[in-house]
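Read the structure below first, then the notes.
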Amino acid sequence: MMKLRELDRSPRAWDITCLVISMLMLALNILTPYICDDYTYRLNFATGEPLRSFGEIFGSMYAHSFSMNGRLISHGLAQVFMLLSPGVFDVVNTAVFVGTLWLMHRLCGSESALLLACSFCLLWLLMPVFGQVALWQVGAVNYFWSLGALLLYIAPELVRFLEGRVLLWRKWPLAAFCVYSFFFGWYNEIASFVGICMVPCLILLGRWLNNAKIRLHRLLPVLFAVLGYAVMLSMPAQAANKSGGLTAALLLRRFVVCSGMLVKYLLPLLIPLALILFFKFDSLPRKKLILSGLFALAGVCANYMPLAASYYPERCLCTPVLLLIMALLFPLSEFAKREYRMNFCLACAVVICLTVPFILTGCADIVSCHRQHAQREQTIAAAVEAGEGDVTANVVIPQTPWSGYWGVRDLTDDPDTWPNHDMARYYGLDSLIGE
């Protein structure tokens with residue numbers, strides 16, 4: 001067991017695990033083509049014409065703020081990648097995914113390669129509409145990237161609370177981090193709000209448990225993030241998207257919807273977390289115990305944030321899922337450091353073995369959707385070569401939520417509806433319909 005423990009915590013095992021996850025995610029990114037909104041964000045929202053330069057993005061996002069929503073930072077990034085080769089996004093998105101996993105473990109104090117593999121498995125199994133969140137280009141930039149941004153934002157105070165290390169002790173790094181905080185606040189409604197709330201909580205916990213002084217400069221990133229969040233909410237389209245009258249009956253209906261989401265998707269994380277904290281309460285370090293509870297509370301609260309929204313898409317559950325996985329990692333990282341017990345190895349092995357069939361199923365579906373998309377492109381290319389402007393092509397039909405096509409709109413039988421019109425412009429056609 002001692003040799004197994006040393007192997008699990010060795011840098012080589014960690015690097016190999018990261019490499020395997022990276023290769024898998026890169027392959028899946030390459031196999032995921034443009035989908036739905038991707039075609040729309042290749043266009044300039046101000047002119048309706050295809051984007052031709054990075055400078056056009058500013059005018060495009062200004063128009064976007066009146067017609068779509070206030071998430072101009074994430075959607076602006078999405079348009080930046082639309083001007084680059086698709087392969088650039090595939091590499092960057094893979095790096096963001098693996099980097100987020102790495103940061104989760106770094107912040108929780110975990111050095112276990114086995115636990116890193118389990119974290120990936122939990123994301124694969126329990127992240128609803130995984131393809132929308134992690135593979136679909138516009139979806140990944142808006143949702144999964146917001147998770148990495150959230151972890152970066154809370155990292156200085158989390159490290160300070162847990163390890164006593166001060167990361168932002170010079171003026172220039174603090175100033176740069178304040179700029180980052182402003183853009184983070186402007187990034188995503190749920191992840192940004194969670195980060196804004198968690199940093200003051202970590203500061204107060206540091207005052208309580210570490211007797212750390214609360215200096216005003218530590219609240220500057222929170223102030224800048226709040227300003228960015230306020231700018232996002234002040235965008236005309238963002239205000240228009242919110243319900244004008246939140247009656248008690250409407251809030252109750254939305255509360256029921258959010259509670260249904262919690263029961264359906266989050267209980268598989270909440271139940272084992274509750275059991276671990278209940279039975280291992282006395283054996284866990286106080287700080288790790290409190291952090292686990294804080295992240296669990298943040299995850300549950302994040303689940304109820306769509307109370308203010310007109311609907312609750314499953315992709316919004318990515319933030320609660322990530323926070324609850326981290327809530328599990330705090331105690332599990334302690335179990336991995338201690339005497340290597342058989343039950344810990346068995347639990348990790350069970351999770352990995354249960355996930356492998358679903359990884360194979362999801363990968364097969366992604367490959368199938370890639371082939372269906374390739375067939376559609378062949379149909380369109382043949383029509384263009386024959387001089388046809390009105391084309392009928394196949395609809396891509398996914399079978400699992402691991403495909404980026406799952407739950408998003410594809411071609412319809414109406415050439416004037418979305419996304420048919422934007423896809424036709426992308427391919428240089430007069431009209432495009434699905435069959």
Side-chain angles (χ1 to χ4, degrees), residues 37 40-41 43-47 51 54-83 96 138-157 168 172-203 216-244 246 298 301-302 304-313 315-316 318-319:
D37 293 52
T40 301
Y41 281 88
L43 303 175
N44 187 325
F45 281 86
T47 64
L51 282 169
F54 294 108
E56 291 184 14
I57 294 175
F58 296 97
S60 176
M61 286 295 99
Y62 178 76
H64 183 279
S65 71
F66 286 89
S67 60
M68 301 295 288
N69 57 54
R71 272 182 267 127
L72 305 189
I73 304 303
S74 55
H75 284 118
L77 276 174
Q79 290 211 305
V80 166
F81 283 99
M82 293 302 173
L83 290 169
V96 170
V138 169
V141 174
N142 272 273
Y143 294 95
F144 201 91
W145 289 25
S146 73
L147 305 182
L150 167 62
L151 297 184
L152 283 174
Y153 176 72
I154 66 175
E157 289 300 336
L168 302 174
W172 283 113
L174 177 60
F177 191 74
C178 286
V179 174
Y180 168 78
S181 299
F182 176 78
F183 290 118
F184 167 72
W186 198 350
Y187 200 90
N188 179 279
E189 296 92 335
I190 296 178
S192 297
F193 187 84
V194 169
I196 289 170
C197 293
M198 288 191 73
V199 168
C201 291
L202 290 168
I203 293 174
L216 291 179
H217 72 271
R218 295 174 64 186
L219 294 172
L220 283 176
V222 179
L223 175 61
F224 277 85
V226 169
L227 289 174
Y229 199 81
V231 171
M232 177 172 61
L233 295 185
S234 68
M235 296 293 104
Q238 190 77 20
N241 286 339
K242 302 303 177 184
S243 177
L246 290 176
C301 291
Y304 284 93
M305 279 198 65
L307 280 171
S310 56
Y311 70 110
Y312 193 167
R315 55 183 173 267
C316 289
C318 64
T319 305

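Nothing fancy with the numbering, it's 1 onward along the sequence.
The environment of Phe183 atom CZ is sparse: at most 12 non-hydrogen atoms of other residues, nucleotides or ligands sit within 6.0 angstrom. For CZ of Phe193, the number of neighbouring non-hydrogen atoms (other residues, nucleotides, ligands) closer than 6.0 Å is 12 at most. Within a 6.0 Å sphere centred on CZ of Phe58, heavy atoms belonging to other residues, nucleotides or ligands number 12 at most.
For the pair Trp186 (side chain) and Gly70 (backbone), a donor-acceptor distance under 3.5 Å is present. Side chain of Glu189 to main chain of Arg71: no donor-acceptor pair is present (N/O by atom type, distance under 3.5 Å, no hydrogens or angles). In terms of modelled atom types and a separation under 3.5 Å, the side chain of Asn188 and the main chain of Ala191 share a donor-acceptor contact.
In this structure, the ring of Tyr187 has its center no less than 6.0 angstrom from the ring center of Phe184. The six-membered or imidazole ring of Trp145 lies near that of Phe81, with a centre-to-centre distance under 6.0 Å.
For Arg218, the salt bridge (charged side-chain N to carboxylate O under 4.0 Å, His left out) test picks out Glu157, with sequence neighbours left out. Remark: His75 engages Tyr41, Asn69, Asn142 in a side chain to side chain donor-acceptor pair (under 3.5 Å) (not counting sequence neighbours).
Distance check: Tyr180 OH to Leu152 CG gives 4.5 Å after rounding to the nearest 0.5 Å. Distance check, rounded to the nearest 0.5 Å: CG of Leu150 to CE of Met198 gives 7.0 Å. Here CG of Leu83 is found 8.0 Å from CD of Glu56. Values are rounded to the nearest 0.5 Å.
Taking the six-membered ring where the residue is Trp, Phe66 and Tyr62 present perpendicular rings, their angle passing 60° and hence far from 30°.
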